[in-house]
Amino acid sequence: MATQQAGRLDNRKTAGGKAAGAEAPRGEMPRAYEPGAVESRIYEFWESQGYFSPIFSDEAWEKGSTAGDREPFTIIMPPPNVTGELHLGHALTAAIEDALTRWHRMRGDPTLFLPGTDHAGIATQMVVERELAKEALTRQDLGREKFVERVWMWVRKTRHRIDDQHRKLGVSCDWSRNRFTMDETPQLAVRTTFKHLYDDGLIYRGTRIINWCPRCQTALSDLEVNHEEEQTSLWHIKYPLIDGAGAETGEFIQMATTRPETIVGDVAVAVNPEDERWREIIGTKARLPIIGRELEIIADAEVEKEFGTGAVKVTPGHDPTDYEVGLRHGLPIINVMNVDATMNDEAGPYAGMDRYEARHRIVDDFDAAGLLVRIEPYTTSIGHCDRCETVVEPIVSLQWYIKVAPLAARAIDVVRSGQIRVLPERYEKVDLNWMETIRDWCISRQLWWGHRIPVWYCDACGEQFVEIETPSACAKCGDADLRQDEDVLDTWFSSGLWTHSTLGWPRQTKDLELFYPTSVLETGWDILFFWVARMIMLGLYNMHESPFSTVFLHGMVRDEAGQKMSKTKGNVIDPLTIVTEFGADALRFALATNSTAGNDMKFSREKVEAARNFCNKLWNAARFVIQKLEGRPAVALPAGGTASMHLEDRWIISGANALARDVNQLMTDFHLGEAGRQIYDFLWGEFCDWYIEAVKVRLSRGDPSPLPVLAHVLATGLKLLHPFAPFVTEEIWQNLQPLLPADEPEALMVAPYPDMQAQFDDRDAANAMAALIDTVRGIRNIKAEKRVEPARFVEAFLEVENEELRVALASRSELIEALARVRPVHLVAPGEAPSQGAARAIVEGVTIVVPLAGMVDLDAERSRLQKELAQVEAQVERLEKQLANSAFRDRAPEVVIRKVEDDLDAALAKRAALKASLDNL
RNA sequence: GGGCGGCUAGCUCAGUUGGUUAGAGCGCUUCGUUCACACCGAAGAGGUCACUGGUUCGAGUCCAGUGUCGCCCACCA
């Protein structure tokens, strides 16, 4: 089906050359990075090149197997509701998933990021009904068929909006495989799964007490009910006891309720069998006031003796606990409400009233009859509809269920055995705990929009049967007059199949063979139960294999005050307005680096602004490099290593190399935020602040030796950063690529991700450059403190005991002079610097002496140095003590002991230097 | 009633398998029109890592407990 779109052109083979007919876009490089002028052009370039589709070798594609090839990397995008607009949660999802996707793609894995949208049963139906309401119409006015048609019209309109918003965020998903939960294949997957489950006895229809939303007028699963603590009352009431003949004895039984409106549905009064107070009246009767019904006094262990009077009214029709009690005692079920939660005829005088009006009237009537004992303020948890927040009513109803325990058992196995890893780990326990205590899943919804339940009823013979394709006649009696079940399935039923229905199941497609099981399932922790757990259960059921190997959960994006964003609160931020203002990269980078897996984050414009500034900083560094290259391509770095280069060159190349190693490790461990921050620190703090500044010294006198290094390090940085900021890095790449050595690909998006290269690992350069940087900072500090005008050059002496370091620094003295604005710099042995009237500072390995005749307050200088000396002495003492500790020597690893020894040496050297300085004052 | 998470600089947050001087951004102070960048640069101030106890040669990090804020799950009227 999708063979064509799968695009088998191998980037790595064609790297360096231009794909046929495609001219890579290149914009001018203005002083500031302008995302608005870049993003759509770059996105179209990527898409037109087919880069979003996974790439396999010909053999792998023919075989439909990746044996011997690189493992494919697959992420199926959590499908946003088709009704919605993207919010920041989607943007976070996109930022994380696309970063993982791009990283894997650049590593050379055949990579698939599959997008889609969810039909979102109740939510979509509500939106369309609201639209209809504007025309003074209801769905009933239209009828089922017309209404569903109307929803489809709506869906066709909104679906592309979501896709376009994703494009604006820069996600590299394979649009040729875009899916919708109501597409033909997912529909088939739903019916097939339903039939299999039904045939296996795992789907059944039954009458039970369920959660009913009176506004949506549908049953809800337990998960779709949100319980909230609310301030209400506990009404203490009493019922008269009656004797065998039905006459009132003059005694009463007192109890309490939070729901007086259900009194009219009472069928019994229950007490604990062990309760001395009530033992004698068990088996006798009471009369339900107003209604007049006789209520048996029953004993049930479920009743807590300690609560109130120890007696409780029993309303099996409107309370889950009472329903259970009713079942145990064979009590009748009386439903006192209509589907919209108004009272029905069973409610006698209250019939037709809203449930809350009935509540107050019943309380009033009890009061008038002297049966209301007291009203106590009370806090209790009340269930609300997940969609519309209406208070949910427990009612008894005929619904379809999945018997989940057997499915959950297998899901528990794969999670517990580590076949599925849950990150952050703490959610594994949450997931397991939920699956271990799982109850049957009510899957039928009294809606019109969704997957219709594939069950048919034959009124002629009473047969009920399940078919994948619409049957024309009853399988049993042949009658053609069949009736399909009116209900649709819970939206999450089709979502639960998403990992394989998107790949073509139940058909045996190539995609299914190549991409199932998928790699990572990334989503917010809020849908762990709704979606992830059910995908594991249904994936195992249909495919006999876990649908993914890693579950990676992110937190919620909240507003600046930490509030959940919601339409009703009016604090929702549209990611697209942020993109327009700051750029998609800024938003993505801010989201990815300011969050930690599983933890919620507070969103603020300041964070995006900081990320925007970073993009701009990189942009300008690139402008500098490109400008200095003057149109002449840089040569490649010497393959043998960097030994012949200047200190700062060796240092920055080694730094980029170490960064590549660390970033790959962090990405492997799903520490995306830390990876992004390290790239930021390197590019800004090392490349821009030090390397580029250092390199100006040579460039300004026409020495081209830094150019290959600038090109190499910038290219490496762009590659490393690309998964986090795809647009700006690609745009820079388009300008830089012609100036790079010949083997660099035409698009950064498909460039190989950098990795550790042993020949560039240069610890010596790292150490010497660290000393140089510390020295420059020390000199700047002295100049700032002594109020030497920054632009003024002064003479400086650097006392360096270590010969090697002194040689290294001497070789780059021009650097120190330029960066610290001192001249000349004298590299000398300890004690050789002038002693009079000089400011001093000691950094590791270097004593800085800046003669400032007449500008130095000797006493202040002395006391400062003495203070520093005291600190160093304390440090020496501590380190010596530690080294003398035999337990430490025995148990600490060798590297740590070495480190402590080195630290002690450094501290001793510093102490000596400080003492010498004090003597010289 | 169970369970989980946060508590680190004025604010928002990092801190990977415990390793010795705990970091960043914003804000703050002082300075700077150095030819990539003021969406910038330089220097600096600012932290008893919520508390108590324990384990360890060594604890922001591990264990136990306390406080506090928040969240999830659960049929106590």
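Protein chains get the first letters and strands the later ones, always in sequence-line order, with residue 1 at the start of each. Atom set for the values below is all heavy atoms of this structure, side chains included, hydrogens, waters and symmetry mates excluded.
Base-pair partner of rG5(B): rC69(B) (Watson-Crick or G-U wobble, both distances under 3.5 Å). Across all strands shown, rU12(B) forms a Watson-Crick or G-U wobble pair with rA24(B), both key distances being under 3.5 Å. Across the strands present, rC62(B) finds its partner in rG54(B); the criterion is a Watson-Crick or G-U wobble pair with both atom distances under 3.5 angstrom. Pairing for rA42(B) goes to rU30(B), judged as Watson-Crick or G-U wobble with the two contacts each under 3.5 Å.
Of the two residues contacting RNA chain B, namely V896(A) and R821(A), the nearest-nucleotide position lying further toward the 5' end is that of V896(A).
In this structure, K617(A) forms no cation-pi arrangement with Y680(A), as its terminal cationic atom is not both closer than 6.0 Å to the ring centre and no more than 45° off the ring axis.
Between F614(A) and W684(A), the ring planes lie parallel to each other; the angle is under 30°, not in the 30° to 60° tilted range.
Regarding contacts with the backbone of rA43(B), every side-chain N or O of K783(A) stays at 4.0 angstrom or more from both OP1 and OP2. Contact annotation: N594(A) side-chain N/O to rU12(B) OP1/OP2 distance is not under 4.0 Å. Distances shown here put a side-chain N or O of R31(A) below 4.0 Å from the OP1 or OP2 atom of rC37(B). Side-chain N/O atoms of R777(A) include one lying less than 4.0 angstrom from OP1 or OP2 on rA43(B). OP1 or OP2 of rC13(B) sits under 4.0 Å from a side-chain N or O of K602(A).
Remark: E868(A) engages K910(A) in a salt bridge, criterion side-chain N to carboxylate O under 4.0 Å.
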Would you check, one step at a time, whether the test salt bridge (Lys or Arg N to Asp or Glu O under 4.0 Å) holds for R677(A) with D681(A)? CA-CA 6 Å; R677(A) 284 187 292 271; D681(A) 288 344; over 6 Å; no
Reading nucleotides 67-77 of chain B 5' to 3', which nucleotides get B (base under 4.0 Å from a protein heavy atom), which S (sugar-phosphate only), which -? ------S-BBB
Sub-3.5 Å pairs of nitrogen or oxygen atoms, protein against nucleotides 24-33 of chain B:
from	atom 1	to	atom 2	distance (Å)
rU30(B)	O2'	R787(A)	NH1	3.4

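For the residue pair W525(A)/D600(A), the side-chain donor-acceptor check at 3.5 Å is satisfied.
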